[in-house]
Amino acid sequence: MGKVERVVFLSLVLDLFAFTIPLPLFPRIIEWFTKRESSDPNGFLSRTLSLVSSARALVYQPTSNPQRWDVVLLGGLMGSVFSFGTYRFISPRIGALSDKYGRKRILLLTMIGNILSGLVWLKSTTFATYMLSRVIGGLSEGNVQLAIAILSDVTTPENRAKALAHVGIAFAICFIIGPPIGAYFASRPLPSSITASGIEFNVYAVPAALTVILLTLETIFLVVALPETRGKHAQAAPEKTATNGASNGTANGKANGATHQTSRQATVSERIQMLKTLQHLHFLFLGVFSGVEFTLTFLTFDLFDWDNKQNGALIGSIGIISALLQGGYVRRALVKVGEGNMARRGITSCALGLIFLTILPHMVANHRTVAIRLLQAAAACMAMTSATVVNSLTAYASLQCDDVSVDPDTGKNVEEHPDLAKGKALGKFRSSGQLGRAIGPLLACASYWTFGPSLTYAISAVAMFALSSKMKSVTKRRTVTTAKVE
């Protein structure tokens, strides 16, 4: 791992650690605000819950605990606010801005917004201010996107997938440590010296403060350690350059079925079309997966009445399995399997996990142990999905951004195609995923309280199997490489 790769990896660990801390707390955060503000019928939360309840009543009347069903949908709204801000305002623009002004400068600007989001959460004593923190966080999210662009700047097509696997490993590590630590500190009060001042803080002020500290440390680390990478191009070793077609055929041949070169003109059109296809797949996958993923803690809240600690353990177990798969399987197998096929395996694994979740609600009443085992099996399947799909699709998309500086046909210098500039192209790719993340939790939560968990997960399983079938068109296509043909 090179110096820049190490810096990016460590910064991602800090960033994603801060991001995963509040994940197991969402159901209890809403419950706390509900109890706190229920006496104010004109408050923001009361009006929001009233709107949610009215919308639910149009299509479904639960036989028991309607308030809990409303909490599930409201949780979906919270998840969507963050992702919609990223999709609508950040991802399409931040990559292009980094192409123009530099990766480091734009990354540091996003860090300021992230810290502000944490500070607002720390001080939020109303649901309105808490939602404001989510909005600020969504508008400031650019760390992962820019990390991918930076890694694409400093790696060659041959080692790109392995370098980008570090992003997935960082996610996995933080899903191991973040949720359990968030759950642990959720029960810890602020020091009496702070509470004695009379200033009121959020019920989960300690996890919020820890988030701010981590983000501040990350910002300082980036200022000191991260060099500017915009405009830098990694050089492949001579022996690898000569056999690039073959090596890419090995890495992606099963994904694309060919190893020969095309002209630059054909390459540009093929890459742009492939990027559009990958954006579409990214949107569809995350639209389903993020919704299912988001409902997991609400499923345990609804059916098992789990607390923060138990939810943190569940999310942490997914992170552990994902990390083991990333380091022990994905990075080694990706070269032989190819990005497209690896993504397809992860999607199929998700479909299998959704089948387990479909069966689970029918087992809770009379076979609780079996229900928990089904939940654990589903978590393992989703860990496989987390370890493979997004990383593989992202690596595949980044390969399309590798434009050549010399036309292999004419030998003349050529300018980078504007639609293939790394920051802009990867920004659009990530934006499509964020749109899926914005819509997914809403649809999944709406389906959860309209049709119930079993039908929701069954429909999602069918959607994943259909998406796996659709992936065949990608796995059969050719990877376009940038090496000069001898």
Side-chain angles (χ1 to χ4, degrees), residues 1 5-25 79 141 143-148 150-151 155 159-184 210-211 214-215 218 282 285-286 289-290 292-294 296-297 310-335 337 339 342-350 352-353 375-396 398 430 433-434 437:
M1 191 187 300
E5 292 177 58
R6 284 196 299 271
V7 171
V8 170
F9 176 74
L10 291 174
S11 69
L12 279 176
V13 169
L14 290 171
D15 186 77
L16 295 172
F17 186 10
F19 175 78
T20 55
I21 282 175
L23 291 183
L25 311 180
E141 201 282 326
N143 310 55
V144 176
Q145 176 183 331
L146 290 174
I148 292 170
I150 290 169
L151 291 174
T155 55
N159 60 20
R160 179 75 41 77
K162 287 186 176 181
L164 292 179
H166 293 130
V167 177
I169 293 173
F171 265 101
I173 290 173
C174 292
F175 268 86
I176 295 171
I177 59 177
I181 288 178
Y184 172 79
L210 181 59
T211 296
L214 289 168
L215 292 172
E218 181 190 359
H282 196 209
F285 167 73
L286 283 179
F289 183 71
S290 65
V292 170
E293 185 181 46
F294 197 84
L296 271 184
T297 54
Q310 290 168 306
N311 277 332
L314 174 66
I315 299 173
S317 68
I318 294 175
I320 291 172
I321 298 171
S322 181
L324 293 173
L325 288 171
Q326 282 277 355
Y329 168 67
V330 177
R331 294 185 74 241
R332 291 179 173 86
L334 193 61
V335 173
V337 174
E339 291 87 354
M342 183 64 75
R344 192 178 177 205
R345 290 182 182 184
I347 292 172
T348 303
S349 176
C350 182
L352 180 61
L375 179 63
Q376 292 169 340
C381 291
M382 290 189 177
M384 171 68 176
T385 306
S386 298
T388 53
V389 181
V390 173
N391 290 335
S392 297
L393 291 178
T394 302
Y396 204 177
S398 72
R430 184 163 174 77
Q434 291 300 327
R437 286 190 182 278

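No experiment lies behind these values; they were computed from the predicted model shown.
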Task: H282 NE2 to R430 CZ distance, which is reported to the nearest 0.5 Å - done: 7.0 Å
Open item on the list: Which residues pass the side chain to side chain donor-acceptor pair (under 3.5 Å) test with N391, not counting sequence neighbours?
Closed with: none
Task: Qualifying residue, where the test is side chain to side chain contact (heavy atoms under 4.5 Å, CB included) with L12 and the options are L10, L14, V8 - done: V8
Task: side-chain contact (heavy atoms from CB on, under 4.5 Å) between C350 and F289, worked out - done: CA-CA 8 Å; C350 182; F289 183 71; 3.6 Å; yes
Open item on the list: Before you tell me yes or no, could you show the steps for I181 and L210 under side-chain contact (heavy atoms from CB on, under 4.5 Å), namely the whole-Å CA-CA distance, both residues' side-chain angles and the distance that decides it to 0.1 Å?
Closed with: CA-CA 10 Å; I181 288 178; L210 181 59; 3.7 Å; yes
TODO: May I ask you to decide if C381's main-chain N or O and S349's side chain share a donor-acceptor pair within less than 3.5 Å?
DONE: yes
TODO: Of all the heavy-atom pairs spanning L314 and A379, show the shortest one and how long it is.
DONE: CD1-CB, 4.0 Å
Task: Criterion side-chain contact (heavy atoms from CB on, under 4.5 Å) on R345 and V337, from CA distance to verdict - done: CA-CA 10 Å; R345 290 182 182 184; V337 174; 3.7 Å; yes
- [ ] Give a yes or no on whether the backbone of G346 and the side-chain of T385 come within a donor-acceptor separation of less than 3.5 Å.
- [x] yes
Open item on the list: Taking OH in Y329 as the centre, count heavy atoms belonging to other residues, nucleotides or ligands within less than 6.0 Å. Is the count above 12?
Closed with: yes
TODO: State, to 0.1 Å, how close A343 and V389 come at their nearest heavy-atom pair, and which atoms those are.
DONE: O-CG2, 3.5 Å
- [ ] To the nearest 0.5 Å, tell me how far I347 CD1 sits from L352 CG.
- [x] 14.0 Å
TODO: Begin with the C-alpha distance, continue with both residues' side-chain angles, and end with the deciding distance and a verdict on side-chain contact (heavy atoms from CB on, under 4.5 Å) for I173 and L16.
DONE: CA-CA 9 Å; I173 290 173; L16 295 172; over 6 Å; no
Task: Contact summary for S398 and L164, nearest pair of heavy atoms - done: OG-CD1, 3.5 Å
Task: Any donor-acceptor pair under 3.5 Å from S322 side chain to I318 backbone - done: no
Open item on the list: Can you tell me how far apart CD1 (I315) and CD (Q310) are? Round to the nearest 0.5 Å.
Closed with: 12.5 Å
Task: Side-chain heavy atoms of V390 within contact of F171, under 4.5 Å - done: no
Task: Least distance between heavy atoms, L325 atom then M384 atom - done: CD1-CA, 3.5 Å
Task: Summary of side chain to side chain donor-acceptor pair (under 3.5 Å) pairs that have at least one residue in residues 174-183, sequence neighbours excluded - done: none
TODO: Could you tell me whether a side-chain N or O of S392 sits under 3.5 Å from a main-chain N or O of M342, the two making a donor and an acceptor?
DONE: no
- [ ] Would you give the length of the straight line joining atom CG of L296 to atom CG of L375, rounded to the nearest 0.5 angstrom?
- [x] 6.5 Å
TODO: Spell out, as yes or no, whether a donor-acceptor pair under 3.5 Å connects the side chain of T348 to the backbone of R344.
DONE: yes
Open item on the list: Working to the nearest 0.5 angstrom, can you tell me the gap between N143 CG and F19 CZ?
Closed with: 10.5 Å
TODO: Could you grab the distance from atom CG of D15 to atom OG1 of T20, nearest 0.5 Å is fine?
DONE: 9.5 Å
TODO: Could you pull out the closest heavy-atom pair between A387 and Q326, with the gap in Å?
DONE: O-NE2, 2.6 Å
Task: Smallest separation among heavy atoms of T155 and L151, with atom names - done: OG1-O, 2.6 Å
- [ ] Kindly write out the residues that satisfy ring pair (Phe, Tyr, Trp, His ring centres under 6.0 Å) with F17, not counting sequence neighbours, or none if the list is empty.
- [x] none
